[in-house]
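All values reported here derive from a predicted model rather than from experimental measurement.
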Amino acid sequence: MENIPLILVAEDNQGNRELIREILEDEGYRVRVAHSGNDALTSVEKDQPDLIVLDIQMPGMDGIETLEKLI
């Protein structure tokens, strides 16, 4: 299972989150979701994903601010 790339999806909209997750899982990826920028940062600390998909407009910490903290 470790050879399958892990994608973290940070998206505050539940419908979008579920759609993105479904598409990626159907393509064979492992997917973890975060509901906010803060959740994404916490998730990355626990297990670093191969790819992060960030929503730009999220309440609280938006995607740009989250990206700045990740780099």
Side-chain angles (χ1 to χ4, degrees):
M1 186 114 172
E2 291 189 27
N3 292 335
I4 300 171
L6 173 63
I7 300 175
L8 172 62
V9 176
E11 168 64 63
D12 63 312
N13 180 284
Q14 181 179 356
N16 291 346
R17 214 173 34 243
E18 290 173 5
L19 178 62
I20 295 167
R21 172 183 232 152
E22 182 179 322
I23 290 168
L24 293 172
E25 286 179 343
D26 285 350
E27 291 297 319
Y29 296 102
R30 293 182 298 142
V31 179
R32 191 170 55 230
V33 297
H35 303 113
S36 68
N38 284 326
D39 287 347
L41 293 175
T42 300
S43 180
V44 168
E45 288 177 6
K46 293 178 183 174
D47 184 21
Q48 200 163 36
D50 297 291
L51 177 72
I52 302 172
V53 177
L54 284 171
D55 180 7
I56 296 299
Q57 295 181 334
M58 292 186 287
M61 185 185 314
D62 66 23
I64 300 295
E65 187 178 352
T66 303
L67 177 62
E68 289 171 346
K69 290 185 181 289
L70 287 168
I71 57 173

Side chains of Val44 and Pro49, heavy atoms from C-beta outward: is any pair under 4.5 Å?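 With C-beta onward as the side chain, the pair touches.
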
How far does [atom1] of [X] sit from [atom2] of [Y], to the nearest 0.5 angstrom?
X: Leu19; Y: Gln14; atom1: CG; atom2: CD; value: 12.0 Å
X: Glu11; Y: Gln57; atom1: CD; atom2: CD; value: 10.0 Å
X: Lys46; Y: Leu41; atom1: NZ; atom2: CG; value: 12.0 Å
X: Glu27; Y: Ile4; atom1: CD; atom2: CD1; value: 13.0 Å
X: Leu54; Y: Asp62; atom1: CG; atom2: CG; value: 9.5 Å

Could you identify which residues cluster with Ile64, counting Ile, Leu, Val, Met, Phe, Trp and Tyr as linked when any side-chain heavy atoms lie under 4.5 Å apart, either directly or through a chain of such contacts?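 Traced through the cluster, Ile64 reaches Ile56.
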
Test salt bridge (Lys or Arg N to Asp or Glu O under 4.0 Å) applied to Asp47 - qualifying residues, sequence neighbours left out: Arg32

For Asp55 and Met58, indicate whether the former's side chain and the latter's backbone hold a donor-acceptor pair under 3.5 Å. no

Quick one: does Asp50's side chain have a donor or acceptor within less than 3.5 Å of a partner on Leu6's backbone? yes

With clusters defined by side-chain heavy atoms of hydrophobic residues (ILVMFWY) lying less than 4.5 Å apart, directly or transitively, does [Y] cluster with [X]?
X: Met61; Y: Ile52; value: yes
X: Leu51; Y: Ile71; value: no
X: Ile23; Y: Ile7; value: no

Can you give me the closest heavy-atom contact between Leu8 and Val33, atom names plus distance?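 What the structure gives for the nearest pair is CD1-C, 4.1 Å.
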
Exercise: identify the closest heavy-atom pair between Ala10 and Ala40: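 Smallest interatomic distance, heavy atoms only, reads CB-CB, 4.0 Å.
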
